[in-house]
Amino acid sequence: MLSAVDRTRADGVWERLKVCARDECRWAYYDASRNRSGRWCSMTDCGNRVKMKRAYATRTLHTDA
């Protein structure tokens with residue numbers, strides 16, 4: 001395991017390994033974005049769910065007031 005970590009550090013891959021920002025997921029993934037700003041393991045699944053949850057919360061917040 002440690003040799004694999006050493007290889008990823010030497011190859012420059014380690015900095016791009018991240019954990020999904022969705023609390024229910026938390027999978028590790030490789031951030032292939034140009035500026036290393038990826039937040040989710042999959043935009044079509046986790047990213048979409050997080051964004052929809054935020055949008056729903058915003059809509060319900062404004063309609064309750």
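This structure is a prediction, so every number in the text was calculated from the model and none was measured.
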- Message: Checking one residue: Trp40. Which other hydrophobic residues are in its cluster under the side-chain 4.5 Å linking rule?
- Response: Met43, Val50
- Message: Can you list, by chain and residue number, the hydrophobic cluster partners of Met1 when the side-chain cut-off is 4.5 Å?
- Response: none
How far does [atom1] of [X] sit from [atom2] of [Y], to the nearest 0.5 angstrom?
| X | Y | atom1 | atom2 | answer |
| --- | --- | --- | --- | --- |
| Leu17 | Arg9 | CG | CZ | 11.0 Å |
| Met52 | Arg59 | CE | CZ | 6.0 Å |
| Arg7 | Trp14 | CZ | CH2 | 12.0 Å |

Only counting residues at least two apart or in another chain, list the ones meeting salt bridge (charged side-chain N to carboxylate O under 4.0 Å, His left out) with [X].
| X | answer |
| --- | --- |
| Asp45 | Arg49 |
| Arg39 | none |
| Glu15 | none |
| Lys18 | Asp31 |

- Query: Hey, are the side chains of Ser3 and Val5 touching, using non-hydrogen atoms and a 4.5 Å cut-off?
  - Reply: no
- Considering only heavy atoms from C-beta outward, does the side chain of Val13 approach that of Tyr30 to under 4.5 Å? yes
- Message: Show, in sequence, the C-alpha distance, side-chain angles and deciding distance for Cys25 and Asp23, and conclude whether the side-chain contact (heavy atoms from CB on, under 4.5 Å) test is met.
- Response: CA-CA 6 Å; Cys25 179; Asp23 290 333; over 6 Å; no
- State whether the side chain of Ser33 and the backbone N or O of Ser37 hold a donor-acceptor pair below 3.5 Å, judged by distance alone. yes
- Item | Residue pair Ser42 / Thr44: nearest heavy atoms and the distance that separates them | OG-OG1, 3.0 Å
